[in-house]
Asks: 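Take this structure, written in structure tokens, and hold onto it; I'll ask about it next.
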Amino acid sequence: MTRCLLISPQFSEFSYWNYREVCELFGARYPAAPLGLVTVAALLPQAWEIRLLALNVQAMDPALLDWAEVVLAGGMIPQQRNLLALIELCHARGKRIAIGGQDPTSQPEIYASADYRVLDEGELTIPMFLADLAAGAPRGIYRSEAKPDVTQSPTPRFDLLELKKYLHVGIQFSRGCPFNCEFCDIIELYGRKPRTKTPEQVCRELECLYQLGYRGHVDFVDDNFMSNKKAVMAFLPELLAWSRQRGFPFYFSTEATINLADDPKLLGMMEAVDFRYVFVGIETPDKELLIRTQKRQNTGHPIVESVRRLNRHGMVVTAGFILGFDGETRGAGEAIVACVEATGISMAMVGLLTALPHTQLTRRLAREGRLPDGYSVQRPGDADQATSGLNFTPSRPRAEILEDYAAILRRLYSPRRYFGRVLTLARRLRRRPKQLGSTKGRWTEIRALGAVIWRLGFGRATAWYFWRNVLAVLVTRPRNFEAAVHLMALFLHFRKHTRVVLDGLGRNLA
């Protein structure tokens, strides 16, 4: 029996998404569980003895490394630094390590020190790796241009997770996206022909979580949930029936393109099963820039109208914006701020454009001679896309872009503007929640509310705005009270993150 240790490296401490401080208020240690690794665990021989070490919620345990015969790890760009350090640690203790995931697949040369590089999609490349491992091969690189049939993907090993340590748990319905955004690497990694699991398959995964006692937030991690609308609309009635039979144990979130708002029937179906959050890539309110970057799907209807339609169906919209596109002018920052304010999007992730490996954008920039010598996407220290984007020569002065970016952050994440957007959303949101319990329990929620009141309700810069929002929501939209409290709590993270990013921007400008 082979002893296998799966390790999830830490994400960058100062990432926009790393709101660990807020998670702990709500009885968790980290926002998201490592779905990729528990899927890998299900693809390994089940006769193996498999353990999981998730370094976002646990400390490194050298005894576990010593126990293992082989170590498997995966990572994304924000985990790059820690994944490379993990390879060194394994070798220092005489252990072989296999790595995979988004960043090693995109930039395998950075990870040349790993013993095995299991790249692309694991359903096809893990069997190649296992065959070589059984034959005693000391090293190997495993790739596949083909895309696997995800209906054959097994139920992830959710039993390996300490579920209570996460704010939400992810599952996947589809891979791939039919759109052709110039700057996106998803279509390069997973293709433009979406592949979906069957409704029965996804319900089996949910049933596994249900039997493990998990309740609360489940995130569909699809890069575009509506990439195959026909499949989604066949799946949602099955999900509704499954949820209704079990008293709605979960509520859901996902990521989709903003043209989701164009389909009232689909929105009604998502509302019926209790979808509460959706992340959309707005990128820019400038229609000409959207066309230039091949994101025409965002140009069908006014963005404000689309966001409000999603709000009316009970969904809080979080959104991504990008600064640094070719053709952008000095007014781009003001336009982003105006868009965020008009839509009432409290969680607005604004980042600097990054030329990701193997994208259309990067290939064009290479042809134009605008990439640095030795181009790669590396993350020094704890930087994320906020402080280490613009890894190319932009079309307008770099200092001007950074100044615009700093101005955006100062405005969006001032207490007055942030709490104002939360109140705007709470007044617009039409939510009819069905899932009422959580794995953590009511006492944890009450204690979390007390901590939020103490930190924000008595904070010098936030007290007035906090109590104004609390009273206004309780009087006019009591069903939205929980959503409003959660969003106000996130200000604790965004305030800290904004300070870190502004410090980094100051150093870059200097």
Side-chain angles (χ1 to χ4, degrees), residues 17 23 26 28 31-33 35 38 155-156 158 161 163 166-175 194 196-229 231-258 260-261 263-280 307 309-319 347 425 429-440 479-480 482-483 486-487 490:
W17 297 109
C23 289
F26 291 91
L35 177 62
V38 293
T155 297
F158 295 118
L161 297 170
L163 292 167
Y166 300 97
L167 208 58
H168 54 77
V169 177
I171 64 171
Q172 186 178 59
F173 175 62
S174 68
R175 293 184 201 164
T196 62
K197 295 179 179 178
T198 66
E200 297 78 14
Q201 190 178 5
V202 179
C203 288
R204 281 199 303 271
E205 296 184 14
L206 291 171
E207 183 68 26
C208 179
L209 286 170
Y210 179 77
Q211 294 298 331
L212 288 168
Y214 183 76
R215 302 291 184 271
H217 187 174
V218 172
D219 180 45
F220 281 90
V221 302
D222 306 30
D223 294 291
N224 184 358
F225 183 67
M226 58 172 292
S227 60
N228 184 332
K229 189 187 293 188
V232 170
M233 296 186 80
F235 163 58
L236 288 173
E238 300 290 332
L239 176 57
L240 178 59
W242 182 92
S243 297
R244 186 177 283 140
Q245 289 169 5
R246 289 155 185 78
F248 291 92
F250 307 130
Y251 67 89
F252 303 101
S253 62
T254 194
E255 179 175 346
T257 43
I258 201 166
L260 167 66
D263 192 324
K265 184 178 179 181
L266 177 56
L267 290 177
M269 296 169 77
M270 293 177 70
E271 182 179 11
V273 297
D274 212 357
F275 271 83
R276 298 187 189 178
Y277 298 89
V278 60
F279 179 89
V280 297
V307 171
R309 194 175 296 129
L310 292 166
N311 294 158
R312 287 197 295 270
H313 285 273
M315 283 179 259
V316 172
V317 176
T318 64
M347 295 175 64
L425 171 65
L429 194 63
R430 297 293 184 269
R431 178 172 286 179
R432 300 170 184 84
K434 297 174 179 64
Q435 196 282 332
L436 299 175
S438 74
T439 310
K440 315 269 186 316
R479 284 181 174 176
N480 296 336
E482 182 180 22
H486 286 177
L487 290 171
L490 282 165

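This is a predicted model, so every value here is computed, not measured.
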Asks: Can a salt bridge be assigned to the pair E482 and R431 using a cut-off of 4.0 Å between side-chain N and carboxylate O?
Replies: no
Asks: Does any part of the side chain of F250, heavy atoms only, come nearer than 4.5 Å to the side chain of V169, both counted from C-beta?
Replies: no
Asks: Please list every donor-acceptor pair under 3.5 Å in which a side-chain atom of residues 207-216 meets a protein atom from a residue at least two apart or in another chain.
Replies:
| from | atom 1 | to | atom 2 | distance (Å) |
| --- | --- | --- | --- | --- |
| E207 | OE1 | W242 | NE1 | 3.0 |
| E207 | OE1 | R246 | NE | 2.7 |
| E207 | OE1 | R246 | NH2 | 3.1 |
| E207 | OE2 | Q211 | NE2 | 2.6 |
| Y214 | OH | H217 | O | 2.6 |
| R215 | NH1 | Y210 | O | 3.0 |

Asks: Could you measure the distance from the CG atom of N311 to the CZ atom of R430? Nearest 0.5 Å is fine.
Replies: 9.5 Å
Asks: Going by the rule side chain to side chain contact (heavy atoms under 4.5 Å, CB included), which residues pair with S174 if we only count those two or more places apart in sequence or in a different chain?
Replies: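 In terms of side chain to side chain contact (heavy atoms under 4.5 Å, CB included), with neighbours along the sequence ignored, S174 is linked to T196, D222, S227.
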Asks: Would you indicate whether the side-chain heavy atoms of R276 and S253 approach each other to under 4.5 Å?
Replies: no
Asks: With rounding to the nearest 0.5 angstrom, report the CG to CD distance, L310 to E271.
Replies: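 Separation between the atoms: 11.0 Å.
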Asks: Which atom names give the shortest non-hydrogen contact between K434 and A272, and what distance separates them?
Replies: CE-O, 3.1 Å
Asks: Can you name the nearest heavy-atom pair linking C23 to L167, along with the distance?
Replies: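 Answer, listing the atom of C23 first, then L167: SG-CD2, 4.0 Å.
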Asks: Under 4.5 Å between any side-chain heavy atoms of F252 and L239, yes or no?
Replies: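 Side-chain contact under 4.5 Å: yes.
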Asks: Any side-chain heavy-atom pair from L487 and V316 closer than 4.5 angstrom?
Replies: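 Sidechains of V316 and L487: in contact.
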Asks: Begin with the C-alpha distance, continue with both residues' side-chain angles, and end with the deciding distance and a verdict on side chain to side chain contact (heavy atoms under 4.5 Å, CB included) for M315 and L267.
Replies: CA-CA 9 Å; M315 283 179 259; L267 290 177; 3.7 Å; yes
Asks: Which heavy atom of P237 sits nearest a heavy atom of M269, and at what distance?
Replies: CD-CE, 3.4 Å
Asks: Apply side chain to side chain contact (heavy atoms under 4.5 Å, CB included) to L236 and F275, showing your working.
Replies: CA-CA 11 Å; L236 288 173; F275 271 83; 4.1 Å; yes
Asks: Looking only at non-hydrogen atoms, find the nearest pair between A483 and L429 and report the distance.
Replies: CB-CD2, 4.3 Å
Asks: If only atom types and distance count, is the side chain of K197 paired as donor or acceptor with the main-chain N or O of Q172 below 3.5 Å?
Replies: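 Checked: pair present.
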Asks: Would you say the rings of F26 and H486 are close, in the sense that their centroids are separated by under 6.0 Å?
Replies: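 Yes, ring centres under 6.0 Å apart.
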Asks: Test V307 against I258 for side chain to side chain contact (heavy atoms under 4.5 Å, CB included), laying out the working first.
Replies: CA-CA 8 Å; V307 171; I258 201 166; 4.2 Å; yes
Asks: Which word best sums up how the rings of W17 and F279 line up, parallel for under 30°, tilted for 30 to 60°, or perpendicular for over 60°?
Replies: perpendicular
Asks: Check the pair L240, F248 against side chain to side chain contact (heavy atoms under 4.5 Å, CB included), reporting the backbone distance first and the verdict last.
Replies: CA-CA 9 Å; L240 178 59; F248 291 92; 4.0 Å; yes
Asks: Compare every heavy atom of G170 with every heavy atom of V221, then report the nearest pair and how far apart it is.
Replies: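 Heavy atoms only, the tightest pair is CG1-CA, 3.9 Å.
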Asks: Looking only at heavy atoms, which two atoms of C203 and E238 are closest? And how far apart?
Replies: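 Of all heavy-atom pairs spanning C203 and E238, the closest is SG-O, 4.1 Å.
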Asks: Within the 4.5 Å heavy-atom criterion, are M270 and H313 side-chain neighbours or not?
Replies: no
Asks: Between F173 and F235, how do the two ring planes meet: parallel, tilted or perpendicular, split at 30° and 60°?
Replies: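 Rings of F173 and F235: parallel, as their planes differ by under 30°.
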Asks: With the side chain counted from C-beta on, respond yes when D263 and M233 share a heavy-atom pair under 4.5 Å apart, and no when they do not.
Replies: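 Heavy-atom side-chain distance check passes, below 4.5 Å.
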Asks: Using side-chain heavy atoms (C-beta onward) and a distance below 4.5 Å, is V218 in contact with Y251?
Replies: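 The answer is no; the side chains never approach within 4.5 Å.
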